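Quick caveat: nothing in here was measured; it's all calculated off a predicted structure.
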Amino acid sequence: MDPAGDPLLEAPPDGGLTTGAVARLLGVAPTTLRSWDRRYGIGPAARQDGRHRRWTGADIAALRHMCALTSGGLPPAEAARTVLAGTSGASASGVGVPGGEARSADSPGEVTVGARTSGAPPPPRSARASRAAGPLPVGRARQECRGLARAAVRLDAPALDELLTAVLDRYGLPAAWDEVMMPVLHAVGRKWEAAGERYIEVEHLLSWHVSGALRGVAAGRVPAPGAGLVLLACVPGETHTLALEALAATLAHRGRPVRMFGAAVPVAALEDAVRRTGPAAVVLWAQSRRTASPALVARLDAIEWGVRGARRSPVVCVAGPGWIGRQAPGARYLSGLTDAVDTLAAL
């Protein structure tokens, strides 16, 4: 939605919007808005009856600016100082400009994540040098990791889509997966393990948007003539698919035909798929040792097709932490996305 044409910003009803209404408008959790108000002073200029928050068009413009800065990786405290400085001074930050849209060097649609347009001012030194962990433990990762993590915790779906598109455009695959997407997904997983079910909604939302971004990379790609087919599947009982989706997107982007069968494919279905498609390679993903099955590798490795004297069989590859330390005779272990792409390209 174009903020300049948003009737809620032009004339908020009854003197302003409630926190819940603003949260729905911006795709930000209400608790995040209350926290920004309490901690950093990014709140409504006036309150109904002195208590209830009522957000005006200018207040919402400041929130848009705050969302843009934190989604770009700026720590919330630093982002709040930038927003407040722009609000109290001239309209250099864009807060209060006609249409109410916050414009900044980090505003979505104006620059890609981690890059600046010509003439745009650089981010504050503290933002570039900061190693402080965000709401998720992404550690010393790229700045885009911190922005993606904060957007996920806010349940900010539009920001997730913008950031994922930006990192894929800037870094491509496999770098965007290895250096941005995977570290944030691991951070969400660690947070979920430590906090019980509290962060399950964050993990599900982030996974959904990562999956959609990866499918967008492969959409419309035509396989190169003569390229060998690669069949990708999770072993029976395995439900983690995102790493295979990253591999499928990378291979498709490079012109390799792919058949992605997803989670928990039964043994009989895998065998039937191999016989029907005659792939050059089969990649089996296992997240845990419990699901990694050397017996399955042996069964697929034994499948042959073609006329007598010219029989063929697939190269069976295994990937994922579940295979570490598990003997899978006849299989090639793929240690990561880059290794998988290089190995399959050499077949």
- request: Show your working on salt bridge (Lys or Arg N to Asp or Glu O under 4.0 Å) between Arg312 and Glu304 and close with a plain yes or no.
  value: CA-CA 5 Å; Arg312 298 174 55 201; Glu304 295 182 335; over 6 Å; no
Determine whether a donor-acceptor pair (N or O, by modelled atom type, separation under 3.5 Å) exists between the side chain of [X] and the backbone of [Y].
{"X": "Ser207", "Y": "His204", "value": "no"}
{"X": "Asp272", "Y": "Ala268", "value": "no"}
{"X": "Thr277", "Y": "Ala273", "value": "yes"}
{"X": "Arg289", "Y": "Trp323", "value": "no"}
{"X": "Arg256", "Y": "Leu344", "value": "yes"}

According to a hydrophobic-cluster definition based on side-chain heavy atoms being under 4.5 Å apart (Ile, Leu, Val, Met, Phe, Trp, Tyr only), do [X] and [Y] belong together?
{"X": "Leu163", "Y": "Leu155", "value": "yes"}
{"X": "Val235", "Y": "Val230", "value": "no"}
{"X": "Leu334", "Y": "Val297", "value": "no"}
{"X": "Ile303", "Y": "Val282", "value": "yes"}
{"X": "Leu231", "Y": "Trp305", "value": "yes"}

For [X] versus [Y], what's the shortest heavy-atom pair and its separation?
{"X": "Gly262", "Y": "Val265", "result": "O-CG2, 3.7 Å"}
{"X": "Asp59", "Y": "Pro44", "result": "OD2-CA, 3.3 Å"}
{"X": "Val274", "Y": "Leu300", "result": "CG2-CD2, 4.2 Å"}
{"X": "Val184", "Y": "Cys145", "result": "CG2-O, 3.5 Å"}
{"X": "Tyr171", "Y": "Ala176", "result": "CB-N, 4.0 Å"}
{"X": "Arg150", "Y": "Pro76", "result": "NE-CD, 3.5 Å"}

Rounded to the nearest 0.5 Å, how far apart are [atom1] of [X] and [atom2] of [Y]?
{"X": "Leu251", "Y": "Leu232", "atom1": "CG", "atom2": "CG", "value": "6.5 Å"}
{"X": "Leu160", "Y": "Arg154", "atom1": "CG", "atom2": "CZ", "value": "8.5 Å"}
{"X": "Met260", "Y": "Arg215", "atom1": "CE", "atom2": "CZ", "value": "10.0 Å"}
{"X": "Leu173", "Y": "Asp178", "atom1": "CG", "atom2": "CG", "value": "9.0 Å"}
{"X": "Leu164", "Y": "Leu148", "atom1": "CG", "atom2": "CG", "value": "5.0 Å"}
{"X": "Arg221", "Y": "His253", "atom1": "CZ", "atom2": "NE2", "value": "4.5 Å"}

Please examine the side chains of [Y] and [X], heavy atoms only from C-beta on, and report whether any two atoms are closer than 4.5 Å.
{"X": "Trp285", "Y": "Val318", "value": "no"}
{"X": "Arg34", "Y": "Asp37", "value": "no"}
{"X": "Tyr40", "Y": "Arg81", "value": "no"}
{"X": "Arg326", "Y": "Pro294", "value": "yes"}
{"X": "Trp177", "Y": "Leu247", "value": "no"}
{"X": "Leu244", "Y": "Cys234", "value": "yes"}
{"X": "Val341", "Y": "Leu337", "value": "yes"}
{"X": "Val22", "Y": "Leu33", "value": "yes"}

task: Decide yes or no on side chain to side chain contact (heavy atoms under 4.5 Å, CB included) for Leu270 and Leu284, but give the supporting numbers first.
output: CA-CA 10 Å; Leu270 276 172; Leu284 300 174; 4.1 Å; yes
query: Between Leu229 and Val258, is a side chain to side chain contact (heavy atoms under 4.5 Å, CB included) present by the stated rule, with each step listed?
result: CA-CA 6 Å; Leu229 176 68; Val258 175; 5.6 Å; no
- request: Go through Val315 and Cys317 one step at a time and tell me if the side chain to side chain contact (heavy atoms under 4.5 Å, CB included) criterion holds.
  value: CA-CA 6 Å; Val315 174; Cys317 303; 4.1 Å; yes
- prompt: Would Glu245 and Ser211 satisfy side chain to side chain donor-acceptor pair (under 3.5 Å), going step by step from the backbone distance to the final call?
  reply: CA-CA 7 Å; Glu245 292 179 49; Ser211 179; 2.5 Å; yes
message: Looking at Trp208, I'd like to know if its CH2 atom is crowded, meaning that more than 12 non-hydrogen atoms belonging to other residues, nucleotides or ligands lie closer than 6.0 Å.
response: no
query: For Arg332, does the CZ atom have more than 12 heavy-atom neighbours from other residues, nucleotides or ligands under 6.0 Å away?
result: no
task: Verify side chain to side chain contact (heavy atoms under 4.5 Å, CB included) between Arg54 and Leu17, making sure each step is shown before the conclusion.
output: CA-CA 5 Å; Arg54 287 288 179 175; Leu17 297 179; 5.9 Å; no
- request: Applying side chain to side chain donor-acceptor pair (under 3.5 Å), run through Thr19 and Trp55 and close with a yes or a no.
  value: CA-CA 7 Å; Thr19 297; Trp55 303 79; 3.1 Å; yes
